[in-house]
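Side chains are part of it too, since the values below use all heavy atoms of this structure and drop only hydrogens, waters and symmetry mates.
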Amino acid sequence: MSVSTIPAPKLGERLCENGFEHPKILPAIDDAHGGVIVDLNEPMDPQHFATLLRSSLLHWNLKGKHGVWIKLPINLVNLVETAVKEGFWYHHAEPSYLMLVYWIPQTGCTIPINASHRVAVAAIVLNQNKEVLVVQEKRGRFYGIGYWKLPTGVVDAGEEIFAAAIREVKEETGVDTEFVEILAFREVQNSFFGKSDLSFLCMLRPLSVEIKKQELEIEAAQWMPFEEFAVQPLTQKHEPFKYVVELCLANVEEKFYTGFSPRPVSSYFEDQLNYLYMNSNELDKSS
């Protein structure tokens, strides 16, 4: 009597006529941290998706995978409930897709959380007459209180800090500028939907004078003598604003305070240049 040498099927496999074959699974690519990424694009019946998802999780478990990422475009929103019922949870959402995640091992999850900070800029633009470029906004916490503030805004995804400062000044006032340096930065916790804010105070040099204010967000814009800007009541009451004035004076008039300017640097891991913000003047002196 002969004894079959065919091994017993493993969890997640099924027997076929000539041996074993893996069930159909969702298309995925390996990530750099022992997990997989599923990027779905074609419409799918939720029940069929549930079958594939269960088979896939069994398969990835056998392969020793850890985190599973499923990127669902907005046209496949009908699959979200199915994934959540299988144990997936929301990681983040963008206008065109939703990202869901799942942790396979019976260990602590090491999937990184969604972006925790929003990055903003505030721009000091001083001309040769010691006038600072200021605006009044049509909405927000400064609306209707008569306060003249610096142009501010949020850094876009993929945008450098210095480029965001130049862009925001141009959008709000129409003034062209050249980036000089970062004077300081500030972190505020639980600022925007539970996220933290990193705000960079930037010094810029004006390349044009004429103001063409943005109609959508800006009520008024002008060149104001720096002394008038500095003595506004809110500037005196709000400590961060007082430091803005002091840092600007220390940098421009007293010339003992130097900020950080962007220096392009190459990377071993990437082809494109990125920027290192540093006190390059002091570094160049010492080299």
Side-chain angles (χ1 to χ4, degrees), residues 119-155 159-188 191 197-262 277-282:
V119 181
V121 292
I124 300 176
V125 185
L126 280 172
N127 62 23
Q128 295 180 342
N129 299 322
K130 294 185 179 180
E131 295 172 324
V132 61
L133 185 61
V134 292
V135 299
Q136 289 185 342
E137 296 178 333
K138 287 186 175 180
R139 58 179 65 92
R141 66 174 64 183
F142 297 104
Y143 174 70
I145 64 174
Y147 182 71
W148 291 94
K149 61 181 287 291
L150 301 175
T152 58
V154 176
V155 179
E159 185 179 37
E160 293 289 343
I161 293 171
F162 71 87
I166 293 172
R167 174 183 56 78
E168 285 291 346
V169 172
K170 180 66 174 180
E171 288 179 355
E172 293 191 0
T173 69
V175 174
D176 295 311
T177 58
E178 177 184 22
F179 187 87
V180 180
E181 56 194 356
I182 291 174
L183 294 185
F185 70 91
R186 178 187 180 213
E187 184 176 22
V188 178
S191 173
D197 260 357
L198 280 174
S199 183
F200 290 85
L201 178 63
C202 304
M203 177 69 75
L204 287 80
R205 182 181 298 112
L207 300 178
S208 64
V209 176
E210 183 181 1
I211 293 176
K212 297 179 181 179
K213 73 179 181 71
Q214 184 187 55
E215 294 300 330
L216 180 62
E217 298 180 354
I218 303 302
E219 184 73 31
Q222 67 167 329
W223 291 101
M224 171 182 281
F226 187 80
E227 292 78 5
E228 292 183 20
F229 171 76
V231 298
Q232 292 183 99
L234 184 57
T235 301
Q236 299 301 312
K237 295 178 181 179
H238 189 51
E239 194 168 18
F241 291 172
K242 290 179 65 177
Y243 274 109
V244 169
V245 172
E246 292 176 14
L247 287 171
C248 187
L249 291 175
N251 178 267
V252 177
E253 292 192 359
E254 300 170 24
K255 300 186 183 302
F256 71 84
Y257 183 89
T258 304
F260 294 89
S261 56
Y277 289 83
M278 54 192 288
N279 189 325
S280 57
N281 290 334
E282 297 301 320

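Between the Gln236 side chain and the Ala230 main chain, a donor and an acceptor come within less than 3.5 Å of each other. Side chain of Lys138 to main chain of Glu215: a donor-acceptor pair is present (N/O by atom type, distance under 3.5 Å, no hydrogens or angles). Trp223 places a side-chain N or O within 3.5 Å of a backbone atom of Val209 that can act as its donor or acceptor partner.
Between Leu198 and Val155, every side-chain heavy-atom pair lies at or beyond the 4.5 Å cut-off. Looking at heavy atoms from C-beta onward, Leu234 lies in side-chain contact with Phe142 at the 4.5 angstrom threshold. Using a 4.5 Å heavy-atom threshold, the side chains of Lys149 and Val135 count as touching. For the pair Val231/Thr235, no side-chain contact is recorded, criterion being any heavy-atom separation below 4.5 Å from C-beta on. Side-chain contact between Glu137 and Glu217 is absent, with no heavy atoms from C-beta onward closer than 4.5 Å. Counting heavy atoms from C-beta outward, Val188 and Ser199 have side chains that stay 4.5 Å or more apart.
Residue Phe179 holds its CZ atom at 7.5 Å from CD1 of Ile161, rounded to the nearest 0.5 Å. Residue Glu246 holds its CD atom at 13.5 Å from CG of Asn251, rounded to the nearest 0.5 Å. One finds the CZ atom of Phe200 at 13.5 Å from the CZ atom of Arg186 (value rounded to the nearest 0.5 Å). To the nearest 0.5 Å, atoms CE (Met203) and CD1 (Ile182) are separated by 12.5 Å. With values rounded to the nearest 0.5 angstrom, Asn279 atom CG is found 9.5 Å from Tyr257 atom OH.
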### Message
Please determine whether side-chain contact (heavy atoms from CB on, under 4.5 Å) holds for the pair Val132 and Trp148, giving the CA-CA distance in whole Å, both sets of side-chain angles, and the decisive distance to 0.1 Å.
### Response
CA-CA 10 Å; Val132 61; Trp148 291 94; over 6 Å; no
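Across every non-hydrogen atom of Val169 and Val175, the tightest pair is CG1-O, 3.6 Å. Contact detail for Thr173 and Ala221: the closest heavy-atom pair is CG2-CB, 4.3 Å. Heavy atoms only, all atoms of each residue included: Gly146 and Gln232 are closest at O-OE1, 4.2 Å. The minimum heavy-atom distance linking Gly174 with Ser208 is given by the pair O-OG, 4.2 Å. The two residues Ile218 and Lys213 come nearest to each other via the heavy atoms O-NZ, 3.3 Å.
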For residues 120-131, dump all side-chain donor-acceptor pairs below 3.5 Å to protein atoms at least two apart in sequence or in another chain.
from   : atom 1 : to     : atom 2 : distance (Å)
Asn127 : OD1    : Asn129 : N      : 2.9
Asn127 : OD1    : Lys130 : N      : 3.3
Asn127 : OD1    : Glu131 : N      : 2.9
Asn127 : ND2    : Glu131 : OE1    : 2.9

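Enclosure of atom CZ in Arg139 by more than 12 non-hydrogen atoms of other residues, nucleotides or ligands within 6.0 angstrom is indicated. Within a 6.0 Å sphere centred on OH of Tyr277, other residues, nucleotides and ligands contribute more than 12 heavy atoms.
In this structure, Tyr147 has its ring center under 6.0 Å from that of Phe241.
For Glu239, there are no salt bridge (Lys or Arg N to Asp or Glu O under 4.0 Å) partners, not counting sequence neighbours.
Counting only residues at least two apart or on different chains, the side-chain hydrogen bond (donor to acceptor under 3.5 Å, both in side chains) pairs with a member in residues 162-172 are Glu159-Arg167, Arg167-Glu171, Lys170-Asp176.
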